[in-house]
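Reviewing the structure listed below.
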Amino acid sequence: QLQLVESGGGLVQPGGSLRLSCAASGFTLDYFVIGWFRQAPGTEREGVSCISIWGGNTNYADSVKGRFTVSRDNAKNTVYLQMNSLKPEDTAVYYCAAVSPVSPGLRAYSSCSTSPSPYPYWGQGTQVTVSS
């Protein structure tokens, strides 16, 4: 059974940092494109970042560029989202999701997407709260 599990969320002060992890069980993350998404109460789920299967391509939402960094460690079967200079508006439940690189929802095998629509596999989410 294919499962994704996020961890690393918590309460942090504005300007602080957190590193989220997305671990896989039941499959090897090497062969999947990974996206990070977030959803605050009363809002739609939004794409934060994504990383292609070999890590060669990444994308970021404008709101997090320069502050967030996505990376993958295939040896540990884990993808990370390093979040620096956190702001109160980053408060949300953060989700990771996986999709095959041959999905018709992706532009190319080596690409990734910050749109949630191509992703069939989702974790349960981890809460990030930025507050003083």
- Item | Check: Val93 and Thr126 side chains under 4.5 Å, non-hydrogen atoms | no
- Task: Please answer: with hydrophobic residues joined when any side-chain heavy atoms are less than 4.5 Å apart, are Trp122 and Val5 in the same cluster?
- Result: no
- Message: If hydrophobic clusters are built by linking Ile, Leu, Val, Met, Phe, Trp and Tyr wherever their side-chain heavy atoms come under 4.5 Å apart, do Val102 and Val33 end up in the same one?
- Response: yes
- Item | Within the 6.0 Å centroid threshold, strictly below: Tyr60 and Phe68 | no
- Message: Can you tell whether the side chains of Lys87 and Asp90 come within less than 4.0 Å, N to carboxylate O?
- Response: no
- Task: Would you indicate whether the side-chain heavy atoms of Glu6 and Gln124 approach each other to under 4.5 Å?
- Result: yes
- Please name the pair of heavy atoms, one in Ser49 and one in Leu81, separated by the smallest distance, quoted to 0.1 Å. CB-CD1, 4.1 Å
- Rounded to the nearest 0.5 Å, how far does CH2 of Trp36 lie from SG of Cys22? 5.0 Å
- Task: Could you tell me whether the side chain of Asn77 reaches within less than 4.5 Å of the side chain of Asp30, counting heavy atoms only?
- Result: yes
- Query: Once you round to the nearest 0.5 Å, how far does CD1 of Ile51 lie from CG of Asn57?
  - Reply: 9.5 Å
- Message: Using 0.5 Å steps for rounding, measure from the CD atom of Gln82 to the OG atom of Ser17.
- Response: 5.5 Å
- Message: Let me check something: do Leu4 and Val79 share a hydrophobic cluster, defined by ILVMFWY side-chain heavy atoms less than 4.5 Å apart, either directly or through other members?
- Response: yes
- Under a single-linkage definition using a 4.5 Å side-chain heavy-atom cutoff for Ile, Leu, Val, Met, Phe, Trp and Tyr, are Val128 and Val64 assigned to the same hydrophobic cluster? yes
- Query: Quick one: does NZ or CZ of Arg72 land under 6.0 Å from the six-membered ring centre of Trp54, within 45 degrees of the ring axis?
  - Reply: no
- Item | Cation-aromatic face contact Arg38/Tyr94, 6.0 Å, 45 degrees | no
Could you go through residues 104-117 and list every donor-acceptor pair under 3.5 Å that involves a side-chain atom there, pairing it with any protein atom two or more places apart or in another chain?
unit_1, atom_1, unit_2, atom_2, d
Ser111, OG, Ala108, N, 3.1
Ser111, OG, Ala108, O, 2.7
Ser113, OG, Ser115, N, 3.0
Ser115, OG, Ser117, N, 3.4
Ser115, OG, Ser117, OG, 3.1

- Verify side-chain contact (heavy atoms from CB on, under 4.5 Å) between Leu20 and Met83, making sure each step is shown before the conclusion. CA-CA 8 Å; Leu20 304 184; Met83 306 187 297; 3.7 Å; yes
- Can you get from Val70 to Val48 by hopping between Ile, Leu, Val, Met, Phe, Trp and Tyr side chains that sit under 4.5 Å apart? yes
- Note on the structure: dist Ser100:OG -> Tyr31:OH (nearest 0.5 Å) comes out at 12.0 Å
- Task: Specify the closest pair of heavy atoms between Tyr119 and Gly35, including all atoms of both residues, with the distance to one decimal.
- Result: CE2-N, 3.5 Å
- Message: Pair Leu86, Leu18 - check side-chain contact (heavy atoms from CB on, under 4.5 Å), show working.
- Response: CA-CA 8 Å; Leu86 282 161; Leu18 284 173; 4.2 Å; yes
- Give a yes or no on whether the backbone of Thr78 and the side-chain of Asp73 come within a donor-acceptor separation of less than 3.5 Å. no
- Note on the structure: OH (Tyr121) and CG (Leu2) are apart, to the nearest 0.5 Å, by 5.5 Å
- Message: Testing the basics here: between Ala98 and Pro120, what is the closest heavy-atom pair and its distance to 0.1 Å?
- Response: O-CD, 3.1 Å
- Message: Give me the atom names and distance for the closest heavy-atom approach of Pro118 to Val99.
- Response: O-CG2, 3.1 Å
- Message: Is it true that, when you exclude Glu44 itself, more than 12 heavy atoms of the residues, nucleotides or ligands shown sit nearer than 6.0 Å to its CD?
- Response: no
- Query: Is there side-chain contact between Pro14 and Pro88, with at least one heavy-atom pair below 4.5 Å?
  - Reply: yes
- Note on the structure: In this structure, CD1 of Ile34 is separated from CD1 of Ile53 (nearest 0.5 Å) by 11.0 Å
- Between Gly123 and Tyr95, which heavy-atom pair has the shortest distance, and what is it? O-CD2, 3.6 Å
- Task: Compare all side-chain heavy atoms of Thr91 with those of Gln127 and state whether any distance is below 4.5 angstrom.
- Result: yes
